[in-house]
There are 2 protein chains.
Amino acid sequence: MIRLLLADDQALVRGALAALLDLETDLEVVAQVGRGDEVVEAARASDAEVCLLDIEMPGLTGIDAAEALRRELPGVRSLIVTTFGRPGYVRRAIEAGASGFVVKDTPARQLADAVRRVHSGLRVIDPDLAAESLIDGPSPLTGRERELLTYALDGSPVASIAARVHLSEGTVRNHLSAAIGKTGATTRSEAARIAHERGWL
Amino acid sequence: MIRLLLADDQALVRGALAALLDLETDLEVVAQVGRGDEVVEAARASDAEVCLLDIEMPGLTGIDAAEALRRELPGVRSLIVTTFGRPGYVRRAIEAGASGFVVKDTPARQLADAVRRVHSGLRVIDPDLAAESLIDGPSPLTGRERELLTYALDGSPVASIAARVHLSEGTVRNHLSAAIGKTGATTRSEAARIAHERGWL
DNA sequence: ACCTCCCCGTGACACCTGTCATCGCGCCGC
DNA sequence: GCGGCGCGATGACAGGTGTCACGGGGAGGT
């Protein structure tokens, strides 16, 4: 009997996944949480063996939760199950110690298998995503560029970004100009969108 | 026995919802599709009574699918089940003839109840969303403004938008300026983001 | 020590953008 | 018929934006 923890902020999806996995005779959902910062505690309390983690969650990212799990409960394995197959996510998930990475596009019947493989110590990574994350490599953005791009995501003017980070307007424009060059964009908001799609933020 | 059709582009979620709903003794999932433009055909072939429709799907929006269902198979009721509780979505869903609107945040056990109510002819609408969609009213955007905002969503410069719709650069700027005023934004990409969040696109 | 890279800043320049006033056209509704 | 409104367009202007050249400082590697 493999003991599972589910973490997804959408209650309906969480409950549905639980129903799906409980149909398998060798799997048992022993905990469900809706926030990333409740994962470690719930995993400890429920004595889970494998944690299915969504990435976009309040409190803590699924990737950060995987890292916390590796640190606090090294015996527990994590499997990232997410909507977005952003190449950068795969890389960061693996670096965070996750044992698997599947997108929510995969057929339902393959999920249980993925769980079993992860439980037995194997790595499960969506092959298309693995290839994609290899070809465009790691993020070329520096720390500042990444930060400023996240602030540019909503289309704020440079002046308000500069105020938020306590920097000169010129400096902000310089960093963003560099980011625009690295993403192949022509506008800061286009650059922000591209970086976001690739999981660089 | 209530006959259900599930439409969601994420295979895992679709399968999981099927598992969840099949646990109910009075419900039966008789069809599953991953595209909006396959809904009507599948509903007819499977003789479904209630259709659970996600909004964001390839081919056809869940809202448009609901409209097509009302036109082609008036006896079939639709229940929108979506990730995003954008106020404008609720309004458009109701106008398209949908009988219900729930977000994927709702507890799993309430979904089956929502299905039963819709099947019995009642309307099921998330109360918070209903209130929200009343207070900020219908979209104030004109057709052109809406179209240009969708092109502005990715942060394209005005010049490329103008080229795509075969309009003068000045005209595009005028329309976008109007949209910026109506959304309370200060930048076209901020306006695009706001309009998108409210379901005006 | 030297080089490289990231960070922060300034100044200047060309270009893009948002706003406004003003025009003409066509389509409704009253 | 006349006003209102959406649509397309032009011109002009202030201010925002992207780019480049050039500084200086600090951390890390050889």
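In what follows, chains are A, B, ... by sequence order, proteins preceding strands, each numbered from 1.
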Value in whole Å for how far the P atom of dC7(C) lies from CG of Asn174(A):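 Rounded to the whole Å, the gap is 12 Å.
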Between dT17(C) (C1') and Leu176(B) (CG): distance, integer Å: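 One finds 10 Å between C1' of dT17(C) and CG of Leu176(B), rounded.
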Residues Glu67(B), Arg70(B): salt bridge by 4.0 Å N-O rule: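 Counted as a salt bridge, because a side-chain N and a carboxylate O are separated by less than 4.0 Å.
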Pair Glu41(B) + Arg44(B), salt bridge at N-O below 4.0 Å: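 Result for this pair is no, no salt bridge flagged.
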Backbone N/O of Pro107(A) and side chain of Gln110(A): donor-acceptor pair under 3.5 Å: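 Not a single qualifying donor-acceptor pair exists.
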Donor-acceptor contact present, side-chain Glu72(A) to main-chain Ala68(A), <3.5 Å: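 Not at all, since once roles are kept as given, no pair shorter than 3.5 Å links the two residues.
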Would you say [atom1] of [X] has more than 12 non-hydrogen atoms from neighbouring residues, nucleotides or ligands within 6.0 angstrom?
X: Arg35(B); atom1: CZ; answer: yes
X: Arg198(B); atom1: CZ; answer: yes
X: Arg117(B); atom1: CZ; answer: no
X: Arg164(A); atom1: CZ; answer: yes

Residue pair [X] / [Y], side-chain heavy-atom distance below 4.5 Å:
X: Pro140(A); Y: Trp200(A); answer: yes
X: Leu111(B); Y: Thr106(B); answer: no
X: Val158(A); Y: Arg188(A); answer: yes

Residue-level proximity of residues 180-197 of chain A to DNA chain C when a heavy atom falls under 4.0 Å: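 Hits under 4.0 Å, by residue number: none.
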Nucleic acid contacts - residues 143-170 of chain B versus DNA chain C, non-hydrogen atoms under 4.0 Å: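 Residues of residues 143-170 of chain B under 4.0 Å from DNA chain C: Pro157(B), Val158(B).
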Sugar-phosphate, base or nothing in reach of Thr171(B), heavy atoms under 4.0 Å: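 Base contact - Thr171(B) has a heavy atom under 4.0 Å of at least one base atom.
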Pairing residues for Asp128(A) by the salt bridge (charged side-chain N to carboxylate O under 4.0 Å, His left out) criterion, not counting sequence neighbours: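 Asp128(A): no salt bridge (charged side-chain N to carboxylate O under 4.0 Å, His left out) contacts found.
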Partner set under salt bridge (charged side-chain N to carboxylate O under 4.0 Å, His left out) for Arg193(B), not counting sequence neighbours: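 Checked Arg193(B) against salt bridge (charged side-chain N to carboxylate O under 4.0 Å, His left out); matches are Glu197(B).
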Between the first and last five pairs of the helix from dA1(C)-dT30(D) to dC30(C)-dG1(D), the angle of the axes, rounded to 10 degrees: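 Here the local axes at opposite ends form an angle of 40°.
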For chain B, the stretch of DNA chain D it reaches, first to last nucleotide, under 4.0 Å of its heavy atoms: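 From 5' to 3', the first and last contacting nucleotides are dG6(D) to dA12(D).
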